[in-house]
There are 2 protein chains.
Amino acid sequence: MSNLPERLRERGWRLTAQRRVVAEVLTGDHVHLTADEVHTRAARQLPEIGRATVYNVLNDLVALGEIREVSTDDRAKRYDPNAHHPHHHLICTGCGTIRDVHPTADPATTLTPPERLGFTITTTEITFRGLCPTCRPLRPQPSPSGV
Amino acid sequence: MSNLPERLRERGWRLTAQRRVVAEVLTGDHVHLTADEVHTRAARQLPEIGRATVYNVLNDLVALGEIREVSTDDRAKRYDPNAHHPHHHLICTGCGTIRDVHPTADPATTLTPPERLGFTITTTEITFRGLCPTCRPLRPQPSPSGV
DNA sequence: AACAGTATTTAGACCAAATCCAAACCAAGA
DNA sequence: TCTTGGTTTGGATTTGGTCTAAATACTGTT
């Protein structure tokens, strides 16, 4: 697996400054930025970059399969750079934090053939929701009568 | 488990014509309408119903736990009336059809404690994607060289 | 039946996220 | 250098959804 810029060039993608900066911003684990956040960060390195460009590049990268859209409860889509290392998401219902998880058990098998209704399944996407360590109350709730 | 109108009345919900119509539209299996679709269908029975009302009712029903939001790739949220019978979704990447599935194997257990990163998990949501029987090509693709 | 008080509905203004568009720009090959 | 087509851009536009203030419809009380 070559690195991102190379892979893209091989597919006839011109590596412009804008595209490089967006790709750079979208690097790392547990990175799930909105288009707006990507734009803000990209603009720190390349102040002239336009919003439309960011949207264009993000959509191109999604189409090329290099990044993935993850839909949370927010209105804005988020982008996950880790498209080549399949994983799932753990979302904190308190603060909205999203973390990547790589379950050891493969969940693709949870659906038996008869349950598949004739579908040919290609991807399985799991979203776990709950409270992260920071948002979870450290002790049991005060007392049920204390309301 | 009583039926919807009764359950709602028990919780002090006034069952108005608008609310009844929205609830009626949202009935059945494999029903996953957008707010706009709900409005269109509701208006067939009750032409005066307003957009804002539909949004109000939908949000109320979600808050009451009677229906669930499902996020697809579309921009618009969809609403699933089957909140009391936990299930997952099968989405066709060809035509966008969404079908309910009830895997016999519960995948909520796929995450071992160390994998949970300290989260307290409350819900697990799985989205299977692939081609439905209608969209799947009946025979193998023409030939790789035919591009 | 009339009333008061509260819920509910409504149109339309408003907002945020994303897309569209046409003009400007730029990079690479002839 | 010139040309060509991919790329970028600001601004207008679309879309999905929320908010607000006024009108309307219930409910319980007398």
> Can you tell me how far P of C:dA17 sits from CG of A:Asp73, to the nearest Å?
Replying inline: 15 Å

Using a cut-off of under 3.5 Å, enumerate the N/O to N/O pairs linking the protein to nucleotides 19-30 of chain C.
{"from": "C:dT19", "atom 1": "OP2", "to": "A:Asn59", "atom 2": "ND2", "distance (Å)": "3.2"}

>> Can you measure B:Leu61 atom CG to C:dT8 atom C1' for me and round it to whole angstrom units?
In response: 14 Å

> When the distance from CG of B:Leu58 to P of C:dT8 is rounded to whole Å, what number comes out?
Replying inline: 15 Å

Please tabulate, for side-chain N and O atoms in residues 59-67 of chain A, each donor-acceptor pair with protein atoms closer than 3.5 Å (sequence neighbours left out).
{"from": "A:Asn59", "atom 1": "ND2", "to": "A:Tyr55", "atom 2": "O", "distance (Å)": "3.4"}
{"from": "A:Glu66", "atom 1": "OE1", "to": "A:Arg7", "atom 2": "NE", "distance (Å)": "3.3"}
{"from": "A:Glu66", "atom 1": "OE1", "to": "A:Arg7", "atom 2": "NH2", "distance (Å)": "2.6"}
{"from": "A:Glu66", "atom 1": "OE1", "to": "A:His84", "atom 2": "NE2", "distance (Å)": "3.1"}
{"from": "A:Glu66", "atom 1": "OE2", "to": "A:Arg7", "atom 2": "NE", "distance (Å)": "3.0"}
{"from": "A:Glu66", "atom 1": "OE2", "to": "A:Arg11", "atom 2": "NH2", "distance (Å)": "3.0"}

> Roughly how many Å is it from CD1 in B:Ile49 to C1' in C:dT8, rounded to a whole number?
Replying inline: 12 Å

> Starting at CG of B:Asp74 and ending at P of D:dG16, how long is that distance when rounded to a whole Å?
Replying inline: 9 Å

> Atom CG of B:Leu46 to atom C1' of C:dT9: distance rounded to whole Å?
Replying inline: 11 Å

> Between the side chains of A:His89 and A:Asp80, is a donor N or O closer than 3.5 angstrom to an acceptor N or O?
Replying inline: yes

> Looking at side-chain heavy atoms only, is the closest gap between B:Asp100 and B:His32 below 4.5 Å?
Replying inline: yes

>> For the CG atom of A:Leu58 and the OG1 atom of A:Thr34, what is their distance to the nearest 0.5 Å?
In response: 9.5 Å

> Mapping B:Gly50 and A:Asp36 onto DNA chain C by nearest heavy atom, which one lands closer to the 5' end?
Replying inline: B:Gly50

>> From NE2 of B:His39 over to P of D:dT18, roughly how many Å is that when rounded to an integer?
In response: 15 Å

Please list, one pair per line, the donor and acceptor atoms closer than 3.5 Å that link side chains of residues 43-52 of chain B to other protein atoms, with sequence neighbours excluded.
{"from": "B:Gln45", "atom 1": "NE2", "to": "B:Glu24", "atom 2": "OE1", "distance (Å)": "3.2"}

> Which whole-number value in Å describes the distance from B:Asp60 CG to D:dC19 P?
Replying inline: 13 Å

> Minimum heavy-atom separation for A:Phe119 to B:Arg136, with atom names?
Replying inline: C-NH1, 4.2 Å

> Given D:dA25, is OP1 or OP2 found less than 4.0 Å from the side-chain N or O atoms of B:Gln18?
Replying inline: no

